[in-house]
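Everything on this sheet refers to the single structure shown next.
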Amino acid sequence: MKQLMLHWKQSVIGREPFEKRIRLVDNKGVYKWHMLKAVLFLDQEGQLTNWFGSCTNIDDYVQDMKRKDEFINIASHELKTPITSLKALLQLLERMKGDLSNKMIPGLIEKANRNVNKVNDLVADLLNVSAMNDGQLQLNKTAINLAELIGDCVHHIRIDQQYEIITEGDTNIMVMADAGRIEQVITNFITNAIKYAPDSKKIMVVLSQTIDDVKVAVTDKGPGILPEKIPHLFDRYYQVNDKSNHYSGLGLGLYICAEIIKKHNGKIGAISDPGNGSTFWFSIPI
Ligand code: ADP
């Protein structure tokens, strides 16, 4: 209060517009950020005649900015980790450049590639989200064979030999959809299964059809997800916080999937039996 009065006096003496953020307590005892603003009116001799002021609740805006700052922190950290590894790998390669027969070189190049791919995936997520926020997600729908599309996804995913992706279901199911975007959703489900259920060596992709829609479900036998976390999985920035593990990611993958499926007028969801695995599914109308 003392600070506020001091600031006000300075505005009066200096004939300056007044602006200050303050916290006011509401009728439930909760503090909320408000913006106090006042402009002054002077007469022809330059004498102060009036003030016009406003007090606006800006709490939602302040909380949004806080979340944005936190997100930028996380995103910078996530990007910095693979870039730091990449820098170290390039330094090592630089030292070896005189001896191209060195047996370590292929392994270092492979590691460097993995780190570049991580940076690439994170930046792609950021660009996807900003396009979605601007309402720029346009679909390019064509008739697609879902089994073939799943085959393409499995083919494109960079996975270890130890994982097996098993596809089941009708191979003739056709649907009008944006092939690239649907591939993105299926790829996300499968890469999440590998990332968050690394001990589940088998991943099932099941394709089915009802009168109204077609459904794709990806199941792993990993640690699963607690029931109370499930409703939030498709929220922007949401990550199930497991302190014993650290996985790279921005909590955007499933949010992007949900936006893509929403745009196809479809449904998306997850079911899980903690300890026994999870199934992520989506359906789109025929
Ligand atoms: P990110 O882009 O950070 O990987 P996602 O939006 O893809 O985040 O996933 C959100 C959260 O859902 C993750 O933090 C993870 O804990 C959880 N999750 C996603 N898929 C699985 C899975 N197959 N098994 C267990 N947890 C999963």
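We count ligands from 1, going down the list as the structure has it; atoms in each ligand are counted the same way.
For NZ of K20, the number of neighbouring non-hydrogen atoms (other residues, nucleotides, ligands) closer than 6.0 Å is greater than 12. Residue Q3 qualifies as open at atom CD: its count of foreign heavy atoms under 6.0 Å is 12 or below.
L108 and I83 sit in two unconnected hydrophobic clusters of ILVMFWY residues. Membership requires side-chain heavy atoms under 4.5 Å apart, directly or through other members.
Checking only distances, Y255 never comes within under 3.5 Å of ligand 1, N or O to N or O. For ligand 1, the polar-atom distance check against V240 finds a nitrogen or oxygen pair separated by under 3.5 Å. Considering backbone and side-chain atoms together, G251 places an N or O closer than 3.5 Å to an N or O of ligand 1. On a distance-only criterion, N192 and ligand 1 share at least one N/O pair closer than 3.5 Å. Here's the thing with Y238: none of its N/O atoms is less than 3.5 angstrom from an N/O atom of ligand 1. Between L254 and ligand 1, at least one N/O pair is under 3.5 Å apart.
Aromatic ring orientation, W8 versus F18: perpendicular (interplanar angle above 60°, classes split at 30° and 60°). Between F280 and F234, the ring planes are perpendicular. Angles over 60° get that label, and only those under 30° would be called parallel.
Looking at L252 against ligand 1, only its backbone comes within 4.0 Å, counting heavy atoms. The side chain of S278, and not its backbone, has at least one atom closer than 4.0 Å to an atom of ligand 1 (non-hydrogen atoms only; side chain from C-beta on).
Within ligand 1, counting atoms from 1 as listed, the ones closer than 4.0 Å to a heavy atom of K195 are 4 (O). Counting atoms of ligand 1 from 1 in the listed order, those under 4.0 Å from a heavy atom of I225 are 25 (C), 26 (N), 27 (C). For ligand 1, the atoms lying closer than 4.0 Å to a non-hydrogen atom of Q239 are 3 (O), 14 (O).
With a 4.5 Å cut-off on side-chain heavy atoms, F52 and L40 do not count as touching.
In summary, E70 and K66 do not engage in a salt bridge, as defined by a charged side-chain N under 4.0 Å from a carboxylate O. Salt bridge annotation for R67-D64: present, with a cationic side-chain nitrogen under 4.0 angstrom from a carboxylate oxygen. Note on D26 versus K32: salt bridge recorded, some NZ/NE/NH1/NH2 to OD/OE distance being below 4.0 Å.
At a 4.0 Å cut-off, at least one heavy atom of A193 sits close enough to ligand 1 to count as contact.
When the heavy atoms of F280, Y196, F234 are ranked by distance to atom 13 (C) of ligand 1, first place goes to Y196.
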